[in-house]
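Numbers restart at 1 for each chain; the letters A, B, ... are given by sequence-line order, proteins then strands.
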Number of protein chains: 2
Amino acid sequence: MSLTHIQSFVAVAEECNVSRAARRLHLTQPPLTRHIQALEDELGARLFERTRGGMRLLPAGEAFLCHARRILAEVDAALLTVRDVAGSRTGG
Amino acid sequence: MSLTHIQSFVAVAEECNVSRAARRLHLTQPPLTRHIQALEDELGARLFERTRGGMRLLPAGEAFLCHARRILAEVDAALLTVRDVAGSRTGG
DNA sequence: CAATGTTACGATACACGTAATCATA
DNA sequence: TATGATTACGTGTATCGTAACATTG
């Protein structure tokens, strides 16, 4: 599991479409497909249903999406907090 | 930023010692040193004070530690939740 | 010499993008 | 043919571990 895979998953879940998610992430489709496959493999569960028009979340995928967003939010918070603490070192 | 770097950071913070953290992570010292350096570089802040006997958290490091633990906990929770949802698919 | 962390360097593994493939209508 | 995802394959980068280095007592 990696943060990159998690970001890819969230993008695909929100776009319901690998191609659009790829554009949004400035990536091509193949790596994105592989990210999803790696997650599904590691979690031992299918996260998306592959439909004619794109990707649709399965129950396991919806469950994972909640956590995925919290993980990314926590990473953002970590970045902000550390920069804040370090930036205010002398500023008081 | 990667989950591996975050795991390394937490181990070093808890052991106050790169060598012990490396053993705990089944790794050697150099990659661990580089993980910490990469984090410090990316965050733009020094996380540890290098002392004679090992590593000691600086304020920015303590701030980051809180978030780091939450990120890892959230990842664990994601694993458990997804496996639970997927496992109970037919079990009712 | 013994213990700490760091840097240099070569081998391996990972991840990308292009191109080709499968499926649907 | 057009749109969607996936697989095959070559290449560039990242990451590891060993070995060498610097610091401290």
Return the value, rounded to whole Å, for the distance between atom [atom1] of [X] and atom [atom2] of [N].
X: A:L32; N: D:dG4; atom1: CG; atom2: P; answer: 14 Å
X: A:L39; N: D:dT6; atom1: CG; atom2: P; answer: 13 Å
X: B:R23; N: D:dG17; atom1: CZ; atom2: C1'; answer: 16 Å
X: A:L25; N: C:dG17; atom1: CG; atom2: P; answer: 11 Å
X: A:R56; N: D:dA5; atom1: CZ; atom2: P; answer: 14 Å
X: B:H26; N: D:dT15; atom1: NE2; atom2: C1'; answer: 18 Å
X: A:N17; N: D:dT6; atom1: CG; atom2: C1'; answer: 14 Å
X: A:M55; N: C:dA23; atom1: CE; atom2: C1'; answer: 14 Å

Within the structure, does a side-chain N or O atom of [X] lie under 4.0 Å from either OP1 or OP2 of [N]?
X: A:T33; N: D:dA5; result: no
X: A:H35; N: C:dC16; result: yes
X: B:Q29; N: C:dA3; result: no

Other residues, nucleotides, ligands: >12 heavy atoms within 6.0 Å of B:R56 CZ: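 Counting neighbours around CZ of B:R56, 12 or fewer heavy atoms of other residues, nucleotides or ligands fall under 6.0 Å, so no.
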
Do the side chains of [Y] and [X] get nearer than 4.5 Å, heavy atoms only?
X: A:L58; Y: A:F48; result: no
X: B:E49; Y: B:M55; result: no
X: B:V82; Y: A:H67; result: no

With the side chain of [X] defined as its heavy atoms from C-beta on, choose the nearest nucleotide among [options].
X: B:Q37; options: D:dT6, D:dG17, C:dT7; result: C:dT7
X: B:R52; options: C:dC16, D:dT6, D:dG25; result: D:dG25
X: A:P31; options: D:dG17, C:dG17, C:dG5; result: C:dG17

Would you classify B:S19 as touching base, sugar-phosphate or nothing, given that sugar-phosphate means primed atoms plus P, OP1 and OP2, and contacts are heavy atoms under 4.0 Å?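 Sugar-phosphate: the residue B:S19, judged by heavy atoms under 4.0 Å, touches backbone atoms but no base.
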
Return whichever of A:H5 or A:P30 has its heavy-atom-nearest nucleotide of DNA chain C closer to the 5' end.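 The answer here is A:H5.
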
With a 3.5 Å cut-off and just heavy-atom distances, do the side chain of A:R34 and the base of C:dG17 make a donor-acceptor pair?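 Yes.
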
Answer yes or no: is there an ion pair linking B:E14 with B:R24, defined by an N-O contact shorter than 4.0 Å?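 Salt bridge between B:E14 and B:R24, a charged N being under 4.0 Å from a carboxylate O: yes.
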
